[in-house]
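Read the structure below first, then the notes.
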Amino acid sequence: MIERSVRALTSTALLCFISLCSCFSMGAFSPLLPEIGRANGLADWQLGVVAGALGFARMAAAIPSGWLAGRYLGTTLCASPALMLAGTVLLAVSGSFPLLVLGRLILGFAYTLAPWAGSSPCSSTTGGRGPRSA
């Protein structure tokens with residue numbers, strides 16, 4: 001019984017950590033958008049496409065990421081932070097509009113995958129009955 005409680009607490013801590021990393025990096029992008037536009041010489045419509053790519057990727061990846069997390073939990077738990085890192089690196093080193101959009105698309109998929117992968121261990125510790133089951 002104690003081991004099950006520790007496992008549930010560990011899973012919840014993992015979900016909180018993944019959510020913190022995801023939210024922190026999402027919130028850090030908007031203030032940097034004007035600087036990214038100036039540094040890369042982007043037009044306003046290009047900045048809009050770069051900013052909108054994240055939302056589009058999150059929308060398009062919602063169902064596939066849930067399916068992936070349900071079938072390949074270990075892989076998705078490792079892939080989500082790796083994809084976040086890859087997208088961030090692309091944003092940091094890109095000098096062109098297509099690479100900026102690609103970086104935001106990768107980040108959008110990673111941001112969608114992270115909550116699904118993080119919440120799957122939490123639901124499996126309760127037998128799929130939710131947090132209030134005893």
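Keep in mind the model is a prediction, meaning the values are calculated, not measured. When a residue number appears, it is its place in the shown sequence, counting from 1.
- Interatomic distance, Ser94 OG to Ile36 CD1, rounded to the nearest 0.5 Å: 7.5 Å.
- Across all non-hydrogen atoms, the minimal contact from Leu47 to Gly37 is CD2-CA, 3.7 Å.
- Applying the salt bridge (Lys or Arg N to Asp or Glu O under 4.0 Å) test to pairs two or more places apart or on separate chains, none has a residue in residues 87-102.
- The line from CD1 of Ile106 to CG of Leu54 is 12.0 Å long, rounded to the nearest 0.5 Å.
- Considering only residues two or more places apart in sequence or on other chains, Phe56 meets the ring-ring contact (aromatic ring centres under 6.0 Å, His included) condition with none of them.
- One distance of note links CD of Glu35 with CG of Asn40; it measures 9.5 Å at 0.5 Å rounding.
- A chain of hydrophobic side-chain contacts below 4.5 Å, direct or via other Ile, Leu, Val, Met, Phe, Trp or Tyr residues, connects Leu33 to Leu107.
- No continuous path of ILVMFWY side-chain contacts below 4.5 Å connects Leu113 to Val89, so the two sit in separate hydrophobic clusters.
- Atom CG of Leu100 is separated from atom CG of Leu105 by 11.0 Å, given to the nearest 0.5 angstrom.
- Considering every non-hydrogen atom in both Arg58 and Gly108, the closest pair reads CG-O, 3.3 Å.
- Side chain of Ser80 to backbone of Thr76: no donor-acceptor contact under 3.5 angstrom is found.
- The shortest non-hydrogen separation linking Thr112 to Ser65 is CG2-OG, 3.2 Å.
- Here the straight-line distance linking atom CG of Leu99 with atom CZ of Arg104 works out to 14.5 Å at 0.5 Å rounding.
- In this structure, Leu32 and Leu91 have side chains that are not in contact, with every pair of non-hydrogen atoms separated by 4.5 Å or more.
- The minimum heavy-atom distance between Ala57 and Phe109, with the atom names listed, is CB-N, 3.9 Å.
- Residues forming a side-chain contact (heavy atoms from CB on, under 4.5 Å) with Phe97 (at least two apart in sequence, or on another chain): Leu42, Trp45, Gln46, Val49, Val50, Val101.
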